[in-house]
Amino acid sequence: MPVIAAERPRKSFADRLRSGLPKLVLAPSFAVILIFVYGFILWTITLSFTTSRILPVYKWGGFDAYFRLWSQPNWYVAMQNLAIFGVLYIALCTAIGLFIAILMDQRIRAEGVLRPIFLYPMALSFVVTGTAWKWFLNPGLGLEHTMRNLGWESFTFDWLVNPKMAIYTVVIAGVWQASGFIMAMFLAGLRGIDGEIIKAAQIDGASTVSIYRRIIIPLLRPVFLSAFIVLAHMAIKSYDLVIALTGGGPGNATELPSTFMYSYTFNRNQMNVGSASAVMMLMGITAIIVPYLYSELREKKQ
Amino acid sequence: AEEVEVLHWWTSGGEAAALNVLKENLQKEGVSWKDMPVAGGAGSAAMTALRARVTAGDPPTAVQLLGFDLRDWSQMGVAANLDELAAKEGWDKVIPPALQEFSKYDGHWVAAPVNIHSTNWLWLNKAALDKAGGKVPTNIDELFALLDKFKAEGIVPLAHGGVPWQDGTLWEAVVLSVGGPDFYKKAVLEADPAALSGDTMKKVFDDMSKLRTYFDPNFSGREWNLSTALVIEGKAGAQEMGDWSKGEWLRAKKEPGKDFVCIRFPGTQGSVLFNADQFMMFDVGKKSADAQMKMASAVENPAFQIAFNKVKGSVPARTDIPDTDFDDCAKKGMKDLSEASSKGTLMGSLAHGYAQPAAIKEAMLDVITQHLNGQLTTDAALKRLPEAVAAAK
Amino acid sequence: MSFLEIRNIRKKIGSVEILKGIDISLEKGGFLVLVGPSGCGKSTLLNAIAGLLPPSSGDIVIDGQVVTDLHPSKRDIAMVFQSYALYPNMTVEENIAFALEMRGVDKAGRAKAVAQVAKTLQIEHLLKRRPSQLSGGQRQRVAMGRALVRQPRVFLFDEPLSNLDAKLRVEVRAEIKALHQNTHATIVYVTHDQIEAMTLATKIVVLKEGIVQQVGTPAEIYNRPANLFVADFMGSPAMNMLKGRVVAGGIQLFGAGGQGVTVKIPPSVTTSIPEGSQVVLGLRPEAISDQGSADAAAAASAHIDAQVMIVEPTGSDTFVTGKLDGTTFTGRARAETVVEPGQTFRFVFNLDKAVVFDPESGSRID
Amino acid sequence: MSFLEIRNIRKKIGSVEILKGIDISLEKGGFLVLVGPSGCGKSTLLNAIAGLLPPSSGDIVIDGQVVTDLHPSKRDIAMVFQSYALYPNMTVEENIAFALEMRGVDKAGRAKAVAQVAKTLQIEHLLKRRPSQLSGGQRQRVAMGRALVRQPRVFLFDEPLSNLDAKLRVEVRAEIKALHQNTHATIVYVTHDQIEAMTLATKIVVLKEGIVQQVGTPAEIYNRPANLFVADFMGSPAMNMLKGRVVAGGIQLFGAGGQGVTVKIPPSVTTSIPEGSQVVLGLRPEAISDQGSADAAAAASAHIDAQVMIVEPTGSDTFVTGKLDGTTFTGRARAETVVEPGQTFRFVFNLDKAVVFDPESGSRID
Amino acid sequence: MSAAPETISAGSARFTRFFIYGALIILAIVYLLPLYVMLSTSLKSLDEIRGGDMLALPTDPSIAAWMKAWGEACIGVSCVGIKGYFWNSIKMVVPAVVISTLLGALNGYVLTKWRFPGHKLVFGMMLFACFIPFQAVLIPMARLLGLMGLSNSTTGLVMVHVVYGLGFTTLFFRNYYEAFPDELVKAAMIDGAGFFKIFWRILLPSSGPIIVVTVIYQFTNIWNDFLFGVSFSSGEASPMTVALNNLVSSSTGVKEYNVDMAAAVFAALPTLFVYVVAGRYFVRGLMAGAVKG
Ligand SMILES: Nc1ncnc2c1ncn2[C@@H]1O[C@H](COP(=O)(O)OP(=O)(O)OP(=O)(O)O)[C@@H](O)[C@H]1O
Ligand SMILES: Nc1ncnc2c1ncn2[C@@H]1O[C@H](COP(=O)(O)OP(=O)(O)OP(=O)(O)O)[C@@H](O)[C@H]1O
Ligand SMILES: [Mg+2]
Ligand SMILES: [Mg+2]
């Protein structure tokens with residue numbers, strides 16, 4: 001409910017200034033967003049219709065960039081990978097985050113110690129952890145090597161170098177990084193649930209499992225939505241992860257739209273194609289986010 | 001004070017030491033050095049930073065660049081003009097014409113070449129080679145035979161790092177070996193669709209598939225110097241790699257001829273695939289122009305060329321430098337270079353941007369690397385290759 | 001035989017003892033109301049009965065079975081929470097059926113039970129809604145439905161009406177009363193509203209700081225409070241507490257200024273108190289009236305003129321606060337009484353209804 | 001001359017008209033209570049007076065000055081919110097002094113003013129605490145202190161007691177009353193508790209759906225409600241509404257089963273109603289009593305025997321609900337009345353206090 | 001609240017506890033592995049790294065690599081370690097976090113307490129800004145920075161981080177202030193406080209939990225950023241991540257894994273510190289509103 005709604009006229013200059021002040025305060029931020037986000041989006045769209053290669057040039061190129069984009073097998077690989085990665089990343093982070101949060105919510109003694117352990121991956125950049133992960137997943141150095149040293153000769157874990165499986169290693173590292181953050185969100189959600197509802201369910205005879213399945217998890221719906229948004233945007237933006245872990249390889253087996261866009265814009269001197277891919281990504285993001293924003297802002301109205 | 005800002009991706013200890021020579025030379029002339037190192041992805045991060053700076057209207061003074069990128073940037077009208085200096089120092093005479101094509105744009109000098117690398121080398125562990133009979137291969141079939149022997153020795157026959165540019169480096173050597181210089185020109189430099197999908201190319205891809213069987217399972221994503229290390233340590237027998245890998249051997253205190261053997265990739269004797277680091281000078285206005293010229297001059301200074309190239313493993317960009325200070329491999333490299341230059345078999349390397357512009361280069365590398373990783377069959381690769389080239393034009 | 005027995009229950013949380021040995025018993029079909037100031041341990045006791053918070057010592061016995069260590073779901077009790085604790089993600093129907101579902105009742109059985117409860121509570125038209133779409137009173141009824149459908153051995157209510165507004169509270173109170181009369185359920189009910197306690201209970205327990213102050217029927221609690229705390233706590237406006245001294249022929253009140261008024265010792269006090277003892281005479285506002293509404297049948301009454309301090313007309317009555325000799329007291333006069341602060345007014349004290357307390361111990365003297 | 005005038009205030013939010021032309025005036029020192037069901041626009045009106053929500057049309061006049069377009073801080077009013085709205089980050093002292101600080105009062109001046117208010121409200125020992133460390137009643141007092149310290153022209157209270165428990169509510173109510181009597185402040189007070197409205201107000205405004213239903217003194221509102229809505233809304237338990245028909249010699253009630261009882265037309269109805277008219281006779285529970293407590297002075301009364309449905313003893317009284325010919329009604333009997341549901345009981349109707357309504361329009365007939 | 005009832009029947013409860021702790025400990029070990037690898041590697045000698053097992057404890061722990069990473073490693077032509085870059089990052093992160101948090105708080109305040117027609121659209125548009133891929137804005141950003149004369153400067157970098165952090169900070173504060181009672185603002189208004197007074201004196205002092213969340217979130221994101229750092233700064237003014245990248249990604253010479261790892265741990269220290277110290281408040285702050293997304 002607005003504290004101050006639309007005002008009536010006939011008032012002094014000072015009053016008018018006062019009533020305009022909030023908008024004045026918001027204006028710079030909004031202007032900045034307009035320029036730096038929406039202006040740039042427009043600019044990117046413009047660029048995708050030019051013949052830009054190494055640097056922006058403003059020569060009309062029609063839909064050429066889009067034709068080129070959609071004739072690139074790499075682009076299909078990137079999209080397919082995003083689908084695999086996105087689905088698994090979101091699903092696993094949510095599942096694991098929720099699982100840990102539930103465990104952490106059982107009056108755990110060492111919560112203060114465990115919480116930062118699950119959270120810290122979020123604090124580290126892949127510039128930092130990429131090497132460690134690369135080793136860990138490398139068959140000759142990491143897990144496979146260790147297991148074989150320990151006497152499990154047939155142990156095989158070569159996903160990192162297997163074009164068919166490499167994308168899943170990206171998922172593993174991504175889940176490792178983000179699931180702790182999601183855990184924190186769920187933990188906050190769990191802590192926010194009215195204790196009396198749980199008591200009521202206990203009295204109603206629900207087992208702990210039923211309480212979670214039937215009452216608590218449905219009540220966490222808003223957290224699921226928030227988590228989805230956070231994860232979706234991280235999945236779409238994922239770049240460091242792939243570069244640090246596989247560099248897009250083996251072959252181009254782990255190419256994602258973000259690495260595709262980067263490489264076409266900055267390495268392959270096909271800025272128009274890069275821009276076209278950015279436009280496609282933005283359209284994808286819009287398709288996911290706008291309905292969400294719409295429903296979310298709608299809901300609060302009631 | 002005068003200042004040059006230099007964007008480069010030479011960040012390892014040895015490279016930094018080599019560049020320090022240049023830095024100190026310039027300081028003696030009163031030019032301070034503002035370092036802008038951007039490592040990673042063989043200069044790909046550096047290219048991003050460069051775009052940002054140029055777009056902002058604030059380019060660095062000098063930028064480490066390769067091949068067609070020099071042309072692409074010059075085309076944007078951001079290059080400085082080095083003609084006066086080049087004329088004064090007689091660059092036209094001492095720098096191989098094949099390289100000049102890239103250092104000049106539209107007839108004007110825009111870049112100062114630092115070195116010339118050659119990519120069609122094969123590096124062999126001497127001990128392993130001796131065990132396998134000691135005879136160096138001279139064509140690709142002999143190479144396969146040798147690799148089989150390495151395999152029998154229980155070492156990794158061929159050390160390779162599975163990233164696109166390394167796959168490309170291997171591929172271009174195989175192209176040259178299988179098809180010879182003329183085929184290389186047709187297929188790689190001219191990107192002729194028929195050559196790219198013909199029977200010779202089919203043999204190239206078949207040979208690539210065969211070579212793939214000599215890799216160790218961890219090759220994917222491995223950096224080249226780690227592969228070199230495998231050969232140095234005797235865990236692997238051979239590596240196809242540019243002459244920069246010699247730097248690793250030397251740093252490991254190994255001697256050419258004694259501990260390791262450098263040969264042209266079997267079947268490519270007499271030809272040289274080159275790749276040269278150049279400092280392209282950007283138009284930074286009057287204020288720094290003087291310093292810029294001093295830097296360009298310092299780069300072409302023979303003493304620097306010797307000092308730098310000894311560390312880097314490459315050969316000087318100038319052909320008038322005596323080979324006395326260099327090791328045997330470098331001497332061979334310098335000899336090969338001048339021969340090839342005169343015979344017309346000095347050709348640009350695809351993997352390093354001296355054969356095709358970035359778009360086409362990357363498109364070809366896509367196919368090569370996918371094929372090598374088993375994502376494409378040979379037939380599919382033969383079909384894809386001309387298509388990819390056409391789509392990237 | 002009592003149906004619900006609470007035997008010497010103690011509960012410590014950390015180092016604080018919240019319940020300090022509670023003993024209560026309730027017969028089958030009884031309506032026990034727990035009252036007491038905020039923080040006195042009412043909810044804690046209810047939670048202990050429900051099994052949500054195990055007591056530190058003592059036992060809970062339901063129908064002869066010791067349930068102290070039983071899981072809440074096995075005690076066959078139902079609880080209505082202050083916040084109602086409806087499951088927001090389920091419809092009203094699902095809310096009510098949940099407990100049955102958890103007990104493995106099949107779909108048809110659940111539907112039948114829900115329908116019947118919904119009819120009793122007149123919420124048939126709400127069955128498909130979610131709790132967020134209900135008004136406060138409707139939520140309250142659903143919460144009751146959830147408890148009713150199980151036909152448990154004991155109902156527990158924790159301040160079920162405190163979230164409702166005044167008008168609704170009166171209505172729902174009547175509904176609960178009717179419900180109890182119709183179903184003869186055994187109920188333990190927490191409130192700190194005295195009117196609720198008075199009108200609903202068959203038995204009231206007054207708690208203070210984890211100790212039972214008095215157990216009794218509403219009339220006993222109201223008319224014969226065990227001590228000053230209970231006397232003050234129950235009833236609104238509160239009972240008037242007048243300091244006095246036992247003299248020959250009665251109790252002398254208002255002695256501070258020297259004058260004083262001597263009233264008869266009320267008939268409730270049968271034992272003789274030694275002359276000269278200090279006592280506190282408790283008299284409820286409705287036992288102090290104007291002349292017109294004074295109970296003609298009163299055996300012992302006193303007419304006292306005092307200066308009026310505050311006049312509070314409530315519509316149905318007018319409360320008049322008078323002051324005599326530094327002591328204030330409030331009486332209930334008829335609505336139409338016309339009196340202004342500052343005037344002198346004749347109050348009629350009905351001493352039949354007075355109780356006497358020992359000012360030292362606070363206990364009532366009989 | 002009236003001190004606060006509300007002239008034809010309308011307020012639209014979106015397309016909904018929340019206030020539909022409100023006219024109220026209040027004299028200096030008056031205590032105006034706004035009552036009405038939830039959502040009727042009470043808070044909206046208060047916000048409009050405070051300047052927190054500008055009205056769509058109409059004017060607010062304080063002491064002859066039109067303040068409609070003045071910023072809230074310039075109107076010289078103070079407001080106490082239902083949630084108290086204490087600044088959680090400040091101590092009690094800072095909370096109270098904040099308004100003075102904003103008005104540029106120096107430190108010494110603020111300290112003095114705060115000390116005085118704290119003394120008045122007996123919260124001196126709380127000054128260093130934060131709101132989270134206070135009990136409900138203490139918070140309420142701090143909120144009042146915050147309003148008092150400014151000595152504004154008008155106080156606005158928005159349901160200040162609804163968060164307190166029953167016992168505390170009674171106490172604080174008395175404090176507010178005393179405060180008003182001592183300071184002669186001009187107060188506008190919102191509540192939906194009728195007792196509060198009755199005891200505090202010098203003037204009551206009953207609102208329904210943004211329309212004023214009746215303006216009057218508490219006694220007028222209670223005894224002579226303008227329409228059925230007001231009659232039903234004010235008073236607890238609610239007024240009994242008995243359908244009747246005007247016949248020769250009076251009004252016939254309980255006619256459904258054929259028998260009926262004819263009672264005299266109450267003296268409040270001076271105009272003659274045509275015979276045969278349908279009317280609603282309103283009689284408050286306290287005007288229906290047992291024989292013992294019946295007002296002997298009543299000019300017109302009727303003895304009616306009816307079957308008892310519900311008996312609700314509250315301690316001070318016993319409410320007895322009877323049923324006759326399908327109509328139920330509630331009377332207030334003495335506390336000691338002993339009667340069981342199902343028995344027949346003799347109710348005494350005091351028709352002096354009855355009011356008559358037109359069933360069609362709902363208006364009272366005089 | 002906690003879903004777990006206080007133990008009532010002991011037998012199965014003990015088993016459940018056992019399972020819970022077991023699962024948590026195993027998970028914690030898995031989560032810690034990469035950190036362990038980094039730490040133990042940084043303490044090993046190069047020979048041990050080459051020859052030994054990645055997961056083995058260092059046989060002869062030494063902090064030589066740490067010293068080298070801090071003070072001697074080469075980042076480009078100068079070999080003075082990463083210590084200087086640490087400060088660069090601090091100089092960038094602190095103003096960027098402070099400004100973006102403050103602006104976010106002000107925006108949240110306006111969007112919840114001083115609403116105007118269209119406020120939802122404005123908020124929606126600001127929120128959408130969170131989702132723009134940064135790669136797509138590099139070039140126009142560079143151009144704008146150049147036009148503003150901020151190219152290649154810390155100020156410019158701070159500005160970029162502020163701009164692309166605004167969406168998140170506004171979101172966090174808006175959700176928090178949404179639940180903040182309007183009455184407090186009204187009361188302050190009647191008390192005579194103006195727009196900024198209300199913000200400074202009433203809202204901001206009560207925003208502890210959400211400030212913690214916002215600061216942690218912004219701090220880690222900005223500290224860890226590489227893309228903007230490499231594009232909009234250069235040489236010795238680069239932030240830590242760029243220097244670290246130059247150290248670990250150089251592609252010739254012996255790879256000094258122990259030095260790389262030590263440098264990586266250094267680079268991660270501030271963010272690790274923030275999470276460990278403020279983790280508790282992080283969850284609490286999320287509870288206070290950020291969770292609603
Ligand atoms: N988990 C707990 N830890 C510590 N003290 C507690 C806990 N729960 C309750 N208490 C304390 O126990 C006492 C009794 O609490 P309880 O909730 O039973 O009071 P109550 O009588 O229900 O009060 P109210 O009428 O306000 O609901 C209080 O003083 C409270 O502070
Ligand atoms: N911002 C708003 N937008 C739309 N409708 C509103 C808004 N604020 C209040 N209303 C509506 O205006 C009507 C009057 O609200 P108001 O808060 O004045 O009621 P009230 O009489 O104070 O009720 P209560 O006793 O519950 O406090 C309600 O129907 C409410 O839904
Ligand atoms: Mg309680
Ligand atoms: Mg209201």
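A, B, ... follow the sequence lines: proteins, then strands. Residue 1 opens every chain. A quick note: this is a predicted structure, and the numbers were derived from the prediction, not measured.
- E:T220 touches chain A through its side chain: at least one heavy atom from C-beta onward sits under 4.5 Å away, while N, CA, C and O do not.
- Contact count against chain A (heavy-atom pairs under 4.5 Å) is highest for E:Y164 among E:Y164, E:F19, E:Y109.
- With chain E as partner, the option from A:L225, A:T129, A:I100 having the largest number of non-hydrogen pairs under 4.5 angstrom is A:I100.
- Using a 4.5 Å cut-off between heavy atoms, E:T41 contacts chain A through its side chain alone, with no backbone atom that close.
- The distance from atom OG of A:S275 to atom CE of A:M280, rounded to the nearest 0.5 Å, is 13.0 Å.
- The aromatic ring centres of E:F282 and E:Y275 sit less than 6.0 Å apart.
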For residues 115-124 of chain A, please give each side-chain donor-acceptor pair under 3.5 Å, one per line with the distance, not counting sequence neighbours.
from, atom 1, to, atom 2, distance (Å)
A:R115, NH2, A:E111, OE2, 3.3
A:Y120, OH, E:Y31, O, 2.6
A:Y120, OH, E:L35, N, 3.4

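- Considering only heavy-atom pairs separated by less than 4.5 Å from chain A, the leading option among E:L111, E:L103, E:V110 is E:V110.
- Heavy-atom pairs under 4.5 Å with chain E peak, among A:T286, A:I197, A:V113, A:V290, at A:T286.
- Among the candidates A:F181, A:F228, A:W133, the residue making the largest number of heavy-atom pairs closer than 4.5 Å to chain E is A:F181.
- E:F168 touches chain A through its side chain: at least one heavy atom from C-beta onward sits under 4.5 Å away, while N, CA, C and O do not.
- Interface remark: E:I216 contributes no atoms to any contact with chain A (heavy atom separation under 4.5 Å).
- Counting non-hydrogen atoms of neighbouring residues, nucleotides and ligands closer than 6.0 angstrom, the OH atom of A:Y38 exceeds 12 such neighbours.
- In this structure, the portions of A:L103 lying under 4.5 Å from any heavy atom of chain E include both its backbone and its side chain.
- For A:L47, no part sits under 4.5 Å from any heavy atom of chain E, backbone or side chain.
- Using a 4.5 Å cut-off between heavy atoms, E:Y36 makes no contact with chain A at all.
- Chosen from E:N221, E:L166, E:L227, the residue pairing most often with chain A at heavy-atom distances under 4.5 Å is E:L166.
- The contact between A:A278 and chain E is made entirely by side chain atoms (from C-beta outward), counting heavy-atom distances below 4.5 Å.
- Counting heavy-atom neighbours within 6.0 Å of E:Y281 OH, excluding the residue itself, gives a total of 12 or less.
- Proximity of A:M271 to A:Y264: side-chain heavy atoms (C-beta onward) are nowhere separated by under 4.5 Å.
- Contact count against chain E (heavy-atom pairs under 4.5 Å) is highest for A:L21 among A:L21, A:I288, A:T44.
- A:F136 CZ to E:L33 CG: the interatomic distance, rounded to the nearest 0.5 Å, is 4.5 Å.
- For E:F219, no part lies under 4.5 angstrom from a heavy atom of chain A.
- When E:F123, E:Y257, E:Y217 are compared by the number of non-hydrogen pairs under 4.5 Å with chain A, E:Y257 comes out ahead.
- Options A:S125, A:G112, A:G130 differ in how many heavy-atom pairs under 4.5 Å they form with chain E, and the most are formed by A:S125.
- With chain A as the partner, the residue from E:F196, E:F226, E:W223 showing the most heavy-atom pairs under 4.5 Å is E:F196.
- Two residues are said to be in side-chain contact when any heavy atoms from C-beta on lie closer than 4.5 Å; A:K23 and E:W114 fail this criterion.
- Counting heavy atoms from C-beta outward, E:L145 and E:M159 have side chains that approach closer than 4.5 Å.
- At a 4.5 Å heavy-atom cutoff, the contact between A:I35 and chain E is made by side-chain atoms alone.
- Between E:R115 and E:E178, at least one side-chain N (NZ, or NE/NH1/NH2) sits under 4.0 Å from a carboxylate O, which counts as a salt bridge.
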Using the ring pair (Phe, Tyr, Trp, His ring centres under 6.0 Å) rule, take A:Y239 and E:F134 through it: C-alpha gap first, then chi angles, then the decisive distance, then the call.
CA-CA 10 Å; A:Y239 174 80; E:F134 291 156; over 10 Å; no
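- Taking the six-membered ring wherever Trp is involved, the centroid distance between the rings of E:F199 and E:F195 does not fall below 6.0 Å.
- Ranked by heavy-atom pairs shorter than 4.5 Å toward chain A, the options E:V37, E:N107, E:V276 are led by E:N107.
- For E:F131, the parts sitting under 4.5 Å from any heavy atom of chain A are the backbone and the side chain alike.
- Residues A:K134 and A:A244 share a closest heavy-atom pair of CD-O, 3.1 Å.
- E:V137 touches chain A through backbone and side chain together, each having a heavy atom under 4.5 Å away.
- The shortest distance between side-chain heavy atoms of E:V185 and E:Y177 does not fall below 4.5 Å.
- Top candidate by heavy-atom pairs under 4.5 Å with chain E, chosen from A:A110, A:P257, A:G274, A:S29, is A:S29.
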